[in-house]
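The structure under discussion appears below in the form of C-alpha cells.
Excluded from the calculations below are hydrogen atoms, water molecules and symmetry mates; all remaining heavy atoms, backbone and side chain alike, are included. Atoms within each ligand, like the ligands themselves, are counted from 1 in listed order.
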Amino acid sequence: MVTLLDCIYRVPAVIESIVEQREVTFAPLLEAVKDRLDDLNEILFVGSGTSNTCSVTAYRFVEKASCLSTSTMIPNEFLAKTVYNPKALYVFVSQSGTSTLTQQALKKVKAMGCLTAAITEAPTTPLAQAADVHIDMGCGYEEYGMRTIGYCASILTEMLMGVALGQARGVVSEAAAAAYIEDALAVTKDHKEICDRTLTWFDHNKEALMDVDAFVLYGPGSLYGVALEGALKILEIAKRFMCVGYEMDDGLHGPTMGFTQRHAVIVLNDGGKDNSLAMGIAQYMKNDVGHAYVIGANPIDEDDLGFTPASKDFACLEYAPVVEILAYRLAVDYGIELKDIKTQDPLPEMKYFNTHDE
Ligand SMILES: N[C@@H]1[C@@H](O)[C@H](O)[C@@H](COP(=O)(O)O)O[C@@H]1O
C-alpha cells in the first residue's frame, strides 16, 4: 500500500513533471489574457484549507514575477465583498474542484464579466468546467485526502503561473524565466535528504515531540504559508494536538505570553530579514520555557534541523516535507492508522455539514 510518507517522497517527480508541462498548462490562460494584458492590474487567489495555505505560501512570488499586485482570500470572505476589481485575474484553487463556496465565488465574479481561472486536479472537475480557463495543477492522483502532493503542486503551479504572466507582460525576460525554472528544479536536489534527515530529527526529539499538547509554528514570508499548512496537517493527521501557525512577527504579539512547557514551538527559519525574531523566540522557548526547534537556517543546538535550501525563490517547497513528516510520524508512532481515500470511512461530521459538492 502507498503510505502518506511515500506521497511526501514522491514530490520531486511531481515538480519535474509540472515544470516539463508548463507550456501546455498555461497556454489557455495566456490565450485568455492576451487581449487584456494592458488592463490586467491584479491577481487574487481564492481557496479553502490547503487550497488556501498554498496561495498564502505562493502569492508573494507571484506578485514579484508578474509585477501585478497579488493577494489571497478564503471564499466566504471573498463572497462577502461588495466591490470587485473588474481588471483583476481571479484564480480559484481547489484540488478536487468541488469546494462549494469556491465554486460560488467563481460564479459570482464570472457573472460580473471578470476573468476567472480555476486551478484543479483535472479538466473535468466542476470548478474547471465553470471557469473561463482551467489550469491543471499537475498533481495526478493523490491517494490521501490529507493533501501533501497537492499542497506542493498548487504552490509550484501558482508560482509558475506568475512567471508565465510576467513573460507575457514583458517584465520577465527569457533568461530570467530560465533562471526561475532552474531554481524551481533545484528543490528536487536535496528533497530526499531533507525527508531522511527529518525522520532522524524526529527520532532524536521523539520523546518531547510526542509528549506536548500543542504545536505553534512560526514562519517568515512564504514560510508563513508553510507554518499554516503545518498546523493544519499536524491537527488533521496526528489528531491529538491543538496547533496554530503564525507569521513570524505577528505571532510575537501576545501568544508568547501563554506558552508553557506543554507547547512545542517550531521555527521555520529562512535566515532572512526576520532572523533575529526567529532566533529570539527559539532561544526564549529553549532557555526559559520548554521546547523550540529551529528548522532551516541557523540551528542553535543538536535538537534543531539545520539545512540550507538548494533553491532561493522556491525554498518553501523544501520546508514543506519537514512539517508534513512531523505530522505523519506524530500519527503513526502513536498508533494512528492513516487510511487512503479508497479505504477511509465516511467522515462522521458529514452528517452535520458539508464543504464540498460531491
Ligand atoms: N480536508 C480537505 C482539505 O485537505 C482540503 O484542502 C480542503 C479544500 O479542498 P479542495 O482543495 O478540494 O477545494 O477541503 C477539505 O476539508
For this session: Please name the residue in the list Thr125, Thr25, Thr124, Thr120 that meets the side-chain hydrogen bond (donor to acceptor under 3.5 Å, both in side chains) test with His134.
Result: Thr120
For this session: Give the other cluster members for Ile300, using side-chain heavy-atom distances under 4.5 Å between Ile, Leu, Val, Met, Phe, Trp and Tyr residues; answer none if it is isolated.
Result: Met279, Val294
For this session: Output all residues satisfying side chain to side chain donor-acceptor pair (under 3.5 Å) with Asp190, sequence neighbours left out; order by chain, then residue number.
Result: none
Exercise. Which pair of non-hydrogen atoms, one from Pro75 and one from Val46, has the smallest distance, and what is that distance?
Worked result: CA-CG1, 3.7 Å
Exercise. Hydrophobic clusters join Ile, Leu, Val, Met, Phe, Trp and Tyr when side-chain heavy atoms are under 4.5 Å apart, directly or via other members; which others share one with Val56?
Worked result: Tyr224, Leu228
Exercise. Is a donor on one side and an acceptor on the other found under 3.5 Å between the side chain of Tyr84 and the backbone of Phe78?
Worked result: yes
Exercise answer, ligand 1 polar atom pairs (N/O) under 3.5 angstrom:
| from | atom 1 | to | atom 2 | distance (Å) |
| --- | --- | --- | --- | --- |
| ligand 1 | 4 (O) | Gly145 | O | 3.4 |
| ligand 1 | 6 (O) | Thr50 | N | 2.9 |
| ligand 1 | 9 (O) | His356 | NE2 | 3.0 |
| ligand 1 | 11 (O) | Ser51 | OG | 2.6 |
| ligand 1 | 11 (O) | Gln95 | N | 2.8 |
| ligand 1 | 12 (O) | Ser94 | OG | 3.4 |
| ligand 1 | 12 (O) | Ser96 | N | 2.9 |
| ligand 1 | 12 (O) | Ser96 | OG | 2.6 |
| ligand 1 | 13 (O) | Ser94 | OG | 2.5 |
| ligand 1 | 13 (O) | Ser99 | OG | 2.6 |
| ligand 1 | 14 (O) | His356 | NE2 | 3.4 |

